Every structure is written in C-alpha cells, then in structure tokens.
Participant: 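After the structure tokens below, expect a handful of questions from me.
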Amino acid sequence: MSTRIVDAWMQHPSPGFLRHRMFDSLRRWSKGALPEDDPSPEWTVGCMDAAGVDVGMLCAWWGPAGPLITNDEVAALVERWPRRFVGVASVDLSRPVEAVRELRRCVRDLGFKALRVVPWLWDLPPDDRRYYPLYTECVELGIPFCTQVGHTGPLCPSEPGRPIPYLDRVALDFPELVIVGGHVGYPWTAEIISLATKYPGVHIDTSAYRATRYPAELVEYMRGHGRRKVLFGSNHPAWPAGECLSGLDALGLDAATSELFLHGNADRVFGLEIQGG
C-alpha cells in the first residue's frame, strides 16, 4: 500500500510468551502459522516491512502472575527502532498505587504513548475499582486507555470484554478519558459501535480480524459517521498485519476514510509525530 500504516495493537513476544497454555486455542486456529520458537526482533520488523506497516504500537503484557512482556523489554525495542515502534505500557492491576507509579515512569521516562490492560487476563471488567486510579492518571498524562472488547480468543472468560455495561460506565465516569477498544467487540460489535457513537473519546481498533471478516455493521460504521473512530490493528504475531490487511480494498472505503483508518486516527489518538521508514 502507498499510504502510511500504523498498527494499533501488536506485540513482540518475550521468551515463552506464545507457549503459554492460555494460547492453545490460538495455536489451533492459526494452523501452524504461530511461531513455535521465540522469534527475533528482526523477524517482527521484517513482518512489518512485508505488510507495509510503518509504525507499530508495541504492547507490554501484565497479568495476575506478573509481567508476560515487561515494559522495559518494550522500551529496549523502541530504543533500537525508534521510528518503527511506539511503547504501550501495561501494569499490575492488583497493586493500584504501584501501577500508577509504573505508568508515570513509562510515559515520562520511557516515552510510552498509551496504557493497555486486557480484562480477560485479570477476569475483571474495566469498571472494576482497581482500574480507576489508572484512568485518572491516563487523563492527567494525556494518553489513551487501550483494552480488549468482545469474546476472548485465549482460554479465559469472555464476560469482562462486554462493552455494555462495563465500558459504558467507564466512559460515563471519565468523560475526558480516551478509550480504544480492540478486537472489534464481536459478538457485541453493535455495543462498542453504540459507545463510540455516544462518547467522543471512545474508539475501536480492528486487531485480531482480517478485513474480510469485519462485521457488516462495523464496515457500515466506517463508511459513514464512524470514519474518525476506527483504527487499524493486527495483534501480531497471532494475526500478522499482512493477513489482516488482505481484502481491505473490497470494503469500498473512499480514499480519505482509508487514510484515517490506516494512520490518521491513530496519529490523533496516540499523539504520534509523523515517523516511519
């Protein structure tokens, strides 16, 4: 593609990350496409090059058992490829005060541009009280809160990913908070679209879905009044960006909407400087 592309959700797996048993379902669905060994950072950059992705929002992961991909591991890759990666922090939800301090460190010292918490990993919906200090800090730091909406692909409960009532309450309580709900919200896509329509700060990213599998109501939303609310994402390495972009032309997006989807909305939401190459 000739246009610049920002991938709103990707990760470079730490050693052993992909072999965790909760990802058994992803290995089954990928039919051997998920790396069996620990891939090198160069492999991840090569995948971006092959797909035409200029910038990746590179995520840390933290769950109840501790970090799966640490913030410092992400920071090391951002330092090595500063024009290709932007850091997305993750923190220990069970220790809110320490979590706020770690988020401040990531943004102020490491230059990260967002926070991501995956609700199914904690089995806690985003309106749980343990998130709330982090939402306040995101507003103060001027960064978005990124999360997952919809059913859970890994072997964990899906209920925390339901947009209504959980994310609805968050958007009501924090009108200044910018929220990005990843994975399109299926089977509750209409719910996340309704929240993105209702609240100026709520957005959607398309990670974990090929363009050919976007729900029809999402495509209609992208073509119409939601053109500034939807961001491209892949969820690399589980879903490579090249595969996720396949069939995008068939959606019938006009040139301006495609530009917004592939980079313009991400540039605005994450406060990105024009970078890449």
Side-chain angles (χ1 to χ4, degrees), residues 1-63 66-90 106 110-114 116 118 121 146 148 153-155 180 182-183 205-213 231-248 262-263 266 270 272 275-277:
M1 293 187 180
S2 59
T3 190
R4 181 168 165 271
I5 300 175
V6 176
D7 189 338
W9 185 326
M10 64 176 298
Q11 43 271 313
H12 177 72
S14 60
F17 177 79
L18 293 174
R19 292 191 292 275
H20 196 288
R21 63 183 181 181
M22 68 181 171
F23 295 130
D24 285 351
S25 55
L26 305 190
R27 280 189 287 275
R28 185 174 69 252
W29 295 342
S30 71
K31 299 179 180 179
L34 208 60
E36 292 294 332
D37 300 323
D38 297 323
S40 69
E42 289 79 8
W43 177 81
T44 290
V45 173
C47 290
M48 294 169 65
D49 291 341
V53 171
D54 296 274
V55 178
M57 304 302 298
L58 196 64
C59 309
W61 276 59
W62 205 309
L68 289 84
I69 302 173
T70 71
N71 291 314
D72 288 323
E73 287 173 324
V74 170
L77 294 177
V78 173
E79 183 177 16
R80 186 173 174 186
W81 284 282
R83 296 176 66 83
R84 305 304 301 276
F85 293 129
V86 176
V88 177
S90 191
C106 288
L110 303 180
F112 284 20
K113 294 288 190 178
R116 173 166 285 118
V118 181
L121 197 56
C146 302
Q148 178 266 347
L155 299 174
V180 182
H183 295 20
D205 87 51
T206 61
S207 53
Y209 281 79
R210 294 185 178 94
T212 53
R213 293 186 59 240
L231 291 63
F232 168 72
S234 73
N235 200 24
H236 170 94
W239 282 268
E243 292 184 19
C244 291
L245 289 163
S246 178
L248 181 63
L262 293 173
H263 73 86
F270 293 114
L272 303 181
Q275 56 189 35

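As the structure is a computational prediction, the values presented were derived from the model and not from experiment. Heavy atoms only: backbone and side chains are in, while hydrogens, waters and symmetry mates are out.
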Participant: Take Asp7 and Phe232 through the test side chain to side chain contact (heavy atoms under 4.5 Å, CB included) and record every step on the way to the result.
Facilitator: CA-CA 6 Å; Asp7 189 338; Phe232 168 72; 4.1 Å; yes
Participant: Walk me through whether Met57 and Arg116 qualify under side chain to side chain contact (heavy atoms under 4.5 Å, CB included).
Facilitator: CA-CA 11 Å; Met57 304 302 298; Arg116 173 166 285 118; 5.7 Å; no
Participant: Does the Asp54 side chain pair with the main chain of Val6, one donor and one acceptor, at a distance under 3.5 Å?
Facilitator: no
Participant: Taking the side chain as every heavy atom from C-beta outward, state whether Cys59 and Trp9 have any pair of such atoms under 4.5 Å apart.
Facilitator: yes
Participant: Closest heavy-atom contact between Val74 and Ala60?
Facilitator: CG2-N, 3.7 Å
Participant: Give a yes or no answer on whether the side chain of His12 reaches the backbone of Pro39 with a donor-acceptor pair at less than 3.5 Å.
Facilitator: yes
Participant: Would you compute the distance between atom CZ of Phe85 and atom CZ of Arg80 and round it to the nearest 0.5 angstrom?
Facilitator: 9.5 Å
Participant: How many angstroms lie between atom CG of Leu58 and atom CG of Asn71, to the nearest 0.5 angstrom?
Facilitator: 10.5 Å
Participant: Between SG of Cys244 and CD1 of Ile5, what distance do you get to the nearest 0.5 Å?
Facilitator: 11.5 Å
Participant: Decide side chain to side chain contact (heavy atoms under 4.5 Å, CB included) for Trp61 and Glu73; before the verdict, give the C-alpha distance in whole Å, the side-chain angles of both, and the deciding distance to 0.1 Å.
Facilitator: CA-CA 10 Å; Trp61 276 59; Glu73 287 173 324; over 6 Å; no
Participant: Give a yes-or-no answer on whether the side chains of Asp72 and Thr70 include a donor-acceptor pair shorter than 3.5 Å.
Facilitator: no
Participant: Closest heavy-atom contact between Pro237 and Gln11?
Facilitator: CD-O, 3.4 Å
Participant: In Å and rounded to the nearest 0.5 Å, what is the CH2 to CD distance from Trp81 to Glu42?
Facilitator: 4.5 Å
Participant: List the atom of Val78, the atom of Val86, and the distance in Å for their closest heavy-atom pair.
Facilitator: CG2-C, 4.1 Å
Participant: Which of these, Thr206, Asn235, Val118, sits in a side chain to side chain contact (heavy atoms under 4.5 Å, CB included) with His183?
Facilitator: Asn235
Participant: Could you please spell out the steps behind the side chain to side chain contact (heavy atoms under 4.5 Å, CB included) verdict for Thr44 and Leu77?
Facilitator: CA-CA 11 Å; Thr44 290; Leu77 294 177; over 6 Å; no
Participant: Looking at every heavy atom in both Ala51 and Gly242, which two are closest together, and how far apart are they?
Facilitator: CB-N, 3.4 Å
Participant: Taking the side chain as every heavy atom from C-beta outward, state whether Val88 and Lys113 have any atom pair closer than 4.5 Å.
Facilitator: no
Participant: Minimum heavy-atom separation for Ala89 to Phe112, with atom names?
Facilitator: N-CD2, 3.4 Å
Participant: Hey, are the side chains of Cys47 and Pro240 touching, using non-hydrogen atoms and a 4.5 Å cut-off?
Facilitator: no
Participant: Less than 4.5 Å apart, any side-chain heavy atom of Val55 and any of Arg4?
Facilitator: yes
Participant: Compare every heavy atom of Trp62 with every heavy atom of Ser90, then report the nearest pair and how far apart it is.
Facilitator: OG-N, 3.1 Å
